[in-house]
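Each ligand, and each atom within it, is numbered from 1 in the order the structure gives. On a predicted model such as this, the values are computed, not experimentally measured, just so you know.
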Amino acid sequence: MPRSLLAALLCTALAAPLAAQQSADTVAPESATQQPSAAEPVGLPSYQALTGAALEAKAAGRPVEAQDWMVAAANPLAAVAGANILRAGGSAADAMVAVQLVLGLVEPQSSGLGGGAFLVWYDGATGELTTLDGRETAPRAATPRLFQDETGEPLKFFDAVVGGRSVGTPGTPALLEEAHRRWGRSNWQSLFSDAIFLAEQGFAVSPRLAALVQEDAERLSRFPATADYFLPGGEPLQEGATLRNPAYAETLRTLAREGAAGFYAGPVAAEILRAVRTAEGNPGVLSAVDLALYQVIERDPVCAAYRAYEVCGMGPPSSGALTVGQILGMLDGYDLAALGPQSAEAWRLIGDASRLAFADRGRYMADSDFVPMPTDGLVEPAYLEERGMILDRTDALPEEGVAPGEPPWDHAFLWADDASLELPSTSHISIVDRYGNALSMTTTIENGFGSRLMAAGFLLNNELTDFSFRTHRNGVPIANRVEPGKRPRSSMSPTIVMQDGKPVLVIGSPGGSRIIGYVAKSIIAWADWGLDVQQALALPHLVNRFGTYDLEAGTEAGALAEPLSAMGFEVNTRDLTSGLHAIEISDRLLGGADPRREGIALGE
Ligand code: GLY
């Protein structure tokens, strides 16, 4: 943890302590939004005590240990907001709402009200797993050629991203409400207290946010509302600066009062539509009808067997659980434990299993409400065993050997292959509460800063660029093409690992389509190599999706470059900035937060 972040956090704690003593079942009093005097540091002891130990554990590479509850999220202020709810007796669903609302403020580039999310829920009372799909939808007026020029050629990626064209109907507000309706124990309005407090009183800009604003300044400068917020006076926000967001506070107050209806209709909706439809140079077609008709969808969880576990997560339109499950399923017949994390042979197996899984992903995976998909067949053990036998060799698979398979499927139609671009972004929240519930949610506005359009205090997503820009290849349709009302394929992999019907690991990460590799690797490190949850996340990444083996720069992964090259892999060393957050559940809780980012795990 950089000292500058610690300093920024403590500065924030002094300037804007959270409303930690508010009970989770009371509505925030108006006075909670007043600046406390230095003599009355509301919530300060709780904030310092909690974050101090968590930051120390993370710096030392140790997991955080707790008995009753745990939250792990991408920014300490968001984790504290969740901890405040859990400590007061709230459920994991309640805490998730508070965490998401603060993340939308302090990590606005990654997720928020203007985006979408997938949630995996283990219910401590019933023992059931539920997954909720809060993915964005394509507007009713979108056509399959949304991201093509007049000659039918795909647009350049950022020409499509920046502006209104890429904005899908946001799903996150509806997902928050649905999760609270099903599993909440706290008063809805109380979940907004910390986010409103911070939005009004201000928070310290984190080093990561400041660096990303600096990098993206040109794109952020294209739209006045976005430029005013991120580039005040024309200059990028500086690390440690106090940032207030009264427009976001106003939106939060509306949602606290009216629920998600206050987002999908009325003044907030009108602001969203105005931003999208009048975006200079690249307007979009999102309409009031799209917003009004948005629905969260409950879907069957996708589970794959691995060793003694069932690895469960989000099915289509996410490719996450299927692709993680395929990688693990193909490796199930190989003794990775005996090989160990330093073995090039282990990484040959993992890398080529991943390439084969990505070949299936590119052909078959999309929104199964719109295109037929062999969902069950893709993770059927016999199919994965057969695919895994392809790995029984000593060198890297040649490119022509990495073809999609033929999963069991009662359907004759095949799709053309697609490897559309997905750049790193997103945020992950893991929570376990005192009632035995566990929650894994990955949440996004897609690219860093999404479409770069801001409305009502939050950024709007560019999720539609997760669709294939092409509709066909050689006359054969692509499953993940744009269609009105459809949800773009995702790589988000919110995961709960089960053993004997009980959750033992809650995990997920941001990172575009590398999310899949980050999650699969961390599960292998934990399950096969016996690493604790913090060590498993910290273990250097090696990720192979489409042939090139990406090795994490500045880590011991470098030692594997030569042997992997000798096996025939093309190797590339680069930053691999995951944002894994995980909780191991046994007779205690152990929380891990990715050392590559600013998050922490907190528990008691
Ligand atoms: N936009 C990132 C994902 O859905 O995978």
Which of the atoms in ligand 1, numbered in the order shown and given with their element, are less than 4.0 Å from a heavy-atom of S491? 3 (C), 4 (O), 5 (O)

With only distance considered, is T426 within less than 3.5 Å of ligand 1 through an N or O on each side? no

What do you reckon, are the aromatic ring centroids of W526 and Y309 less than 6.0 Å apart? yes

Give the ring-plane orientation class for F469 versus F147, where under 30° counts as parallel, over 60° as perpendicular and anything between as tilted. parallel

F158 ring centre to R219 NZ or CZ under 6.0 Å, with the angle to the axis within 45°? yes

I need the single residue from N461, T137, D290 that forms a side-chain hydrogen bond (donor to acceptor under 3.5 Å, both in side chains) with T169. Which is it? T137

For the rings on F458 and F263, is their centre-to-centre separation under 6.0 Å? yes

Residues at least two apart in sequence or cross-chain that pass ring-ring contact (aromatic ring centres under 6.0 Å, His included) with F223, listed by chain then number, are none

Quick check on contacts: which atoms of ligand 1 are under 4.0 angstrom from a heavy atom of M492? 3 (C), 4 (O), 5 (O)

For ligand 1, is there an atom lying under 4.0 Å from some heavy atom of R489? no

Going by the order shown, which atoms of ligand 1 are within less than 4.0 Å of some heavy atom of E463? 1 (N), 2 (C), 4 (O)

Pick, from S319, G115, S490, G450, the option with the minimum heavy-atom distance to atom 3 (C) of ligand 1. S490

Side chain, backbone, both or neither: which part of E136 has a heavy atom under 4.0 Å from ligand 1? neither

Run the numbers for me: atoms of ligand 1, each under 4.0 Å from some heavy atom of D466, listed by number. 1 (N), 2 (C), 3 (C), 4 (O)

